[in-house]
Amino acid sequence: MVSYPIRAEHHVVTADFLSQLQLKMELSKDDSRPIRAAIELGGQVEALPGEGLFVVNGATPEFDLDGWVDLAIDRFAEAQESDGLTIKTANVDAGRVRIFDRNFNNVQLNMSYNNGIITGDFDGQGISGSVHYYKNEEGAHSMSGEFERLIMPDAVAEGLTMDSDPSELPEIHFYSKEFSYLGVDLGETRIEGYPIKNGFHIESVAAQSPRFNFNARGDWFRVENGERSDFDIRITSESLGTVLEAMDISSAMRGGQTLVHFDAWWEGPPAAFALERLNGEMDISVVQGNILTADPGAGRMLGLFSLTELPRRLAMDFRDVFDDGFSFDEAKGTMKLENGTSYTDDMLLSSTVADINIVGSADLVEQTFDYEFVVRPGVSKTLPVIGAIAGGPVGAAAGLALQAILRDALGEAAEARYTIGGTWEEPVVEPVERPPAKSIEEGSGSDEP
């Protein structure tokens, strides 16, 4: 409903929108230009602001802040014009606010414009902090954010598309004492970035939590058929197990000093990051780790390996060695990532009790495995050393002799092969049957009787 008293001393337009909000705007008697205006969400406007100003107040179940951003930037950052208004303040209590293409619940939002700077203060369940936006006379603009807490929920539009041209985004300076993204607690986080000719350069993403350190840099730019993100990412931790637990993947891993290096790209903006969209390479190095035999629901083991199933299978064939899990000295290798599929031909888990070579692939979209493991038990590797410590050269010689005896005793078990297939939720580990060994007569190739 819209009302406009023509003969009143002040020409004020009042518009009610289905009880969701009320707009009041005073117009000039001479040319009907806006003089001042106010919006009240969920109620009625009690008073208009000073001349040339526009304010927003009230409470609402839903508030799309992203939809107001263009208006805010256009009007907040402009000097007051004779035919327009400058938005001065916005004070809103919302049951849910859409910010950065994400919904945050129970947020109190306060925005203001002073001395050329837009300031937004947020106080809610998953967001607590401030954002400052500034645009100079030459058109360059910057945005800084400082948060006590920012827990990013899943993107409303799945983070795959953005209307903004990355080269037109403001320079960004971001800090959050507590930051969570894609369900991962990154801890204290800083982000620095700036626009470039055909995109946006992220100079640094540095996150430090009690569980791991995360560092990244890269570019988001537009290409002929859309957008692309190229990033160099490094993750370091004193314990791979804690990294996996932070990612809500598995608790089957214990210990393991870890370095993971991504040199990867994916279609879309940085927010489109997902394992199934990655292309490039991932180098992994883990030192002094342990894979438990207990099954903690390990089907989500990054979708790359079902390592928790492996000790359970090996314990059937090498019970004395693997019955309590598999402790390794080092795990290293390279994963090649291509359109949702990962490949490796050099993954190695090495320990004093066994070496395990892994080759094959995993479909990250269909969530299936196709791997082969080669297990070479080395339970006798430490015997000469132990013998030397216990009995000097004589003990070392005894250890070497015992090593040879154990190798002979292992026989065919000196090497075992397994395949792993099926889904991430229900992986299947099976032994590869060896062909029967040829007899001396069969293998000699002699025609003599």
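These figures come from a predicted structure and were not determined experimentally. The first residue in the sequence is number 1, and the count goes up from there.
Shortest non-hydrogen contact noted between A94 and V97 is CB-CG2, 3.2 Å. Closest approach of P166 and P195 over heavy atoms only: O-CB, 4.1 Å. Summarising the geometry of P270 relative to S229, their closest heavy-atom pair is N-OG, 3.1 Å, with the distance given to 0.1 Å. A207 and L186 make their closest contact through CB-O, 3.5 Å (heavy atoms, listed as atom of the first residue, atom of the second, distance). When all heavy atoms of G268 and R277 are compared, the pair lying nearest together is N-NH2, 4.4 Å. A pairwise comparison of heavy atoms in F328 and S351 identifies CA-CB, 3.6 Å as the closest pair.
Here the side chain of K332 pairs no donor or acceptor atom with the backbone of M347 at under 3.5 angstrom. Remark: the backbone N or O of E366 is not paired with any side-chain donor or acceptor of T368 at under 3.5 angstrom. Using a distance-only test at 3.5 Å, with no hydrogens or angles considered, no donor-acceptor pair links the side chain of T60 to the main chain of F63. In this structure, H173 contributes its side chain and G193 its backbone to no donor-acceptor pair below 3.5 Å. Although no hydrogens or angles enter the test, the distance criterion places no donor-acceptor pair under 3.5 Å between the side chain of H132 and the main chain of I118. Checking side-chain atoms of D219 against main-chain N and O of D230 turns up no donor-acceptor pair under 3.5 Å. Looking only at distances, no side-chain donor or acceptor of S167 sits under 3.5 Å from a matching main-chain atom of D165. Side-chain atoms of T344 come within 3.5 Å of backbone N or O of T334 as a donor-acceptor pair. For the pair R98 (side chain) and F104 (backbone), a donor-acceptor distance under 3.5 Å is absent.
In this structure, NZ in K88 is found 7.5 Å from OG in S112, a value given to the nearest 0.5 Å. Rounded to the nearest 0.5 angstrom, D123 CG and S128 OG are separated by 5.0 Å. In this structure, OG1 on T189 lies 9.0 Å from CZ on F214, to the nearest 0.5 angstrom. One distance of note links OG of S180 with CG of D185; it measures 6.0 Å at 0.5 Å rounding. Considering OG1 of T419 and CZ of F369, their distance stands at 12.5 Å, rounded to 0.5 Å.
Side chain to side chain, Q208 and E188 fail the donor-acceptor criterion of an N or O pair below 3.5 Å.
Side-chain rings of Y418 and Y371 stay apart, their centers remaining 6.0 Å or farther from each other. For an aromatic pair to be called close, the ring centres must be under 6.0 Å apart, and W266 with F231 satisfies this. In this structure, H141 has its ring center closer than 6.0 angstrom to the ring center of Y133.
Looking only at side-chain heavy atoms (C-beta outward), I39 and F17 stay at 4.5 Å or farther from each other. In this structure the side chain of E338 reaches within 4.5 angstrom of the side chain of Y343, judged on heavy atoms. No side-chain heavy atom of E267 sits under 4.5 Å from any side-chain heavy atom of R228. The shortest distance between side-chain heavy atoms of F221 and E227 does not fall below 4.5 Å. Residues S285 and E330 meet the side-chain proximity criterion, which asks for heavy atoms closer than 4.5 Å. Put simply, the side chain of I127 reaches to within 4.5 Å of the side chain of I99, judged on heavy atoms. The closest side-chain heavy-atom distance from V260 to M282 is below 4.5 Å. Side-chain contact between F200 and I172 is present, with at least one heavy-atom pair separated by less than 4.5 Å.
Tested against M111, the residues L65, V55, V56, V131 include a single side chain to side chain contact (heavy atoms under 4.5 Å, CB included) partner, L65.
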Trace of the side chain to side chain contact (heavy atoms under 4.5 Å, CB included) decision for L348 with D355: CA-CA 7 Å; L348 172 64; D355 289 338; 4.2 Å; yes

Residue pair N213, R234: steps toward the side-chain hydrogen bond (donor to acceptor under 3.5 Å, both in side chains) verdict: CA-CA 8 Å; N213 293 335; R234 293 180 183 271; over 6 Å; no

Evaluation steps, ring-ring contact (aromatic ring centres under 6.0 Å, His included), between F179 and F174: CA-CA 11 Å; F179 184 58; F174 169 89; 5.4 Å; yes

Residues I235, F262; criterion side chain to side chain contact (heavy atoms under 4.5 Å, CB included); working and verdict: CA-CA 9 Å; I235 302 172; F262 287 96; 4.3 Å; yes

Verdict with reasoning, E146 to S130, per side chain to side chain contact (heavy atoms under 4.5 Å, CB included): CA-CA 5 Å; E146 186 168 348; S130 300; 5.6 Å; no

Evaluation steps, side chain to side chain contact (heavy atoms under 4.5 Å, CB included), between Y181 and I151: CA-CA 7 Å; Y181 184 66; I151 312 301; over 6 Å; no

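For R96, the salt bridge (Lys or Arg N to Asp or Glu O under 4.0 Å) partners are E62, not counting sequence neighbours. Applying the side chain to side chain donor-acceptor pair (under 3.5 Å) test to N57 and every residue at least two apart in sequence or in another chain returns N91.
A salt bridge links E203 and R217; the closest N-O separation between the charged side-chain nitrogens and carboxylate oxygens is under 4.0 Å. Salt bridge present: E148 and K177 bring a charged side-chain N and a carboxylate O closer than 4.0 Å.
The neighbour count for N198 CG, taken as heavy atoms of other residues, nucleotides or ligands under 6.0 Å away, is above 12. Counting heavy-atom neighbours within 6.0 Å of E372 CD, excluding the residue itself, gives a total above 12.
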